[in-house]
Protein chains: 2
Amino acid sequence: MPRPNRSAKKREELLPVLAEAFAEVGYRRATTAELARRCGVQETILYRLWNDKKAMFLAAIDHVYERSLTIWDGLLDAGEGKGTGAERILAHEATHHGEFGLYRVLFAGLDEVDDDEVKERLRATYRRFHRYIRDRIFEHRAARGIRDGVDADAAAWALLGLGTISNIGREVGLLTGAARRTLLRDIGQILLEGR
Amino acid sequence: MPRPNRSAKKREELLPVLAEAFAEVGYRRATTAELARRCGVQETILYRLWNDKKAMFLAAIDHVYERSLTIWDGLLDAGEGKGTGAERILAHEATHHGEFGLYRVLFAGLDEVDDDEVKERLRATYRRFHRYIRDRIFEHRAARGIRDGVDADAAAWALLGLGTISNIGREVGLLTGAARRTLLRDIGQILLEGR
DNA sequence: ACATTCTGACAGTACGCACTTACACTACGC
DNA sequence: GCGTAGTGTAAGTGCGTACTGTCAGAATGT
């Protein structure tokens, strides 16, 4: 049995680079040649790690969620005492939201939803984001003794929308950093409280 | 002087078809052959009306705004007495939002923002949408005597975000029609009032 | 009727891109 | 050291696609 297989490790190593590439130029324009160049490897190597370009993209979608979750969960663990978890995440996003541009992977995916696999993966990703946010809203309201807020489900969607439009505004140069901060902070608070 | 030029008329006639095509399959996948097929003409004809594919896309972006505005302005003119203009638009969108899928043209554009012309056109479009909504918020609050709501500018962005995420949710199959209705209605009302 | 410009159909071209084949080389277990 | 299976490099290949050249015919003002 010669040479152990390092594929898994290599995939893990290249995935962030792929995600960044898809984020920057979208799905169609991220040519396999460009992906390989950014990874510093030959195209063949990518094709040995993933079946095709779509598989690379699907993996990148998952990476977006996992990266966000890692950061958010870190915020929940650390910094106890400075408000509820939801407030801490909101405050963090108010200053750092979208700075890695990974959300653009999701935009790229929305352009490919007529592909069933892409659509399914996007659905799973958005659902996971939504549930996570909704749970934080529940926690927040429980901690604050809020019982009459609007449906937490709807509020979670609205918060997702807030993040999305904030990114779009940045993308097209309509929202400055300061504007995004007040947007996420003020409106975010209202949605959290639900009234 | 033989045969008057009907280019303008023809452009006007084909533009909705182009917009629909871009909405359905995005920019990259909307091949010129496909565009021509949907329009029922030869590719050459499209190229006589627009310089290149990008010009067709830019025109489609404008069309999205103009179509929405036509509908919304119609709602403002008609149906006086049933709430403020903002409320009427919101109620309308709650049931009809995104049913033509034209917003997907904007998603497609977001995948092409590294092109300066596309980015500029998107910025102009989002700005116009934002201003229109903001003005409706001002009117609403004036009519209701609301003076302590959150910044109308921010609220307008949040409403845009609400519409956007509503479309995304529909797109990936996470939000049913009923869910979108309550989302736009309940959260929309909160944002309108600003508290 | 006629000149002139618009209109429509078709084939073609150059290129970019996803994906493959082929092959030399390397590291490991026995 | 030897066979096996993983790794790196290079050169294709075939297809899809944006865009063009050509040319016959059709509609208009004079």
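Below, read A as the first sequence line, B as the second, and so on, with proteins coming before strands; counting in each chain starts at 1.
- Of the possible donor and acceptor atoms, none in the side chain of A:R28 sits under 3.5 Å from a partner among the backbone N and O of B:R28.
- At a non-hydrogen distance threshold of 4.0 Å, A:E43, A:T44 from residues 34-44 of chain A come into contact with DNA chain C.
- The side-chain contact (heavy atoms from CB on, under 4.5 Å) test with A:V150 is passed by exactly one of B:T182, B:I187, B:L183: B:I187.
- Put simply, NZ on B:K9 is 17 Å from P on D:dA27, counting in whole angstrom units.
- Here A:F100 pairs with nothing under the ring pair (Phe, Tyr, Trp, His ring centres under 6.0 Å) rule; sequence neighbours left out.
- Annotation: side chain of A:V105 is not in contact with side chain of A:Y27 (no heavy-atom distance under 4.5 Å).
- Straight-line distance from the CG atom of A:L18 to the P atom of C:dA18: 13 Å, rounded to whole Å.
- With sequence neighbours excluded, the residues that form a ring pair (Phe, Tyr, Trp, His ring centres under 6.0 Å) with B:W72 are B:F129, B:Y132.
- Of the possible donor and acceptor atoms, none in the side chain of B:R134 sits under 3.5 Å from a partner among the backbone N and O of B:A156.
- Ring-plane geometry between A:F107 and A:Y103 is classed as perpendicular, the angle between the planes exceeding 60 degrees on a 0 to 90 degree scale with a lower cut at 30.
- Listed by residue number, the members of residues 45-54 of chain A with any heavy atom below 4.0 angstrom from DNA chain D are A:I45, A:R48.
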I'd like a table of donor-acceptor pairs (distance under 3.5 Å, sequence neighbours excluded) in which one partner is a side-chain atom from residues 57-69 of chain B, with atom names and distances.
| from | atom 1 | to | atom 2 | distance (Å) |
| --- | --- | --- | --- | --- |
| B:D62 | OD2 | B:R121 | NH1 | 2.6 |
| B:S68 | OG | B:V64 | O | 3.4 |

Could you go step by step and tell me if B:R141 and B:R147 meet the side chain to side chain contact (heavy atoms under 4.5 Å, CB included) rule? CA-CA 7 Å; B:R141 293 187 181 174; B:R147 291 198 149 269; over 6 Å; no

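- The backbone N or O of A:L160 lies less than 3.5 Å from no partner atom in the side chain of A:H130, so there is not a single donor-acceptor pair.
- Looking at residues 25-32 of chain A, you'll see A:A30, A:T31, A:T32 sit with a heavy atom under 4.0 Å from some atom of DNA chain C.
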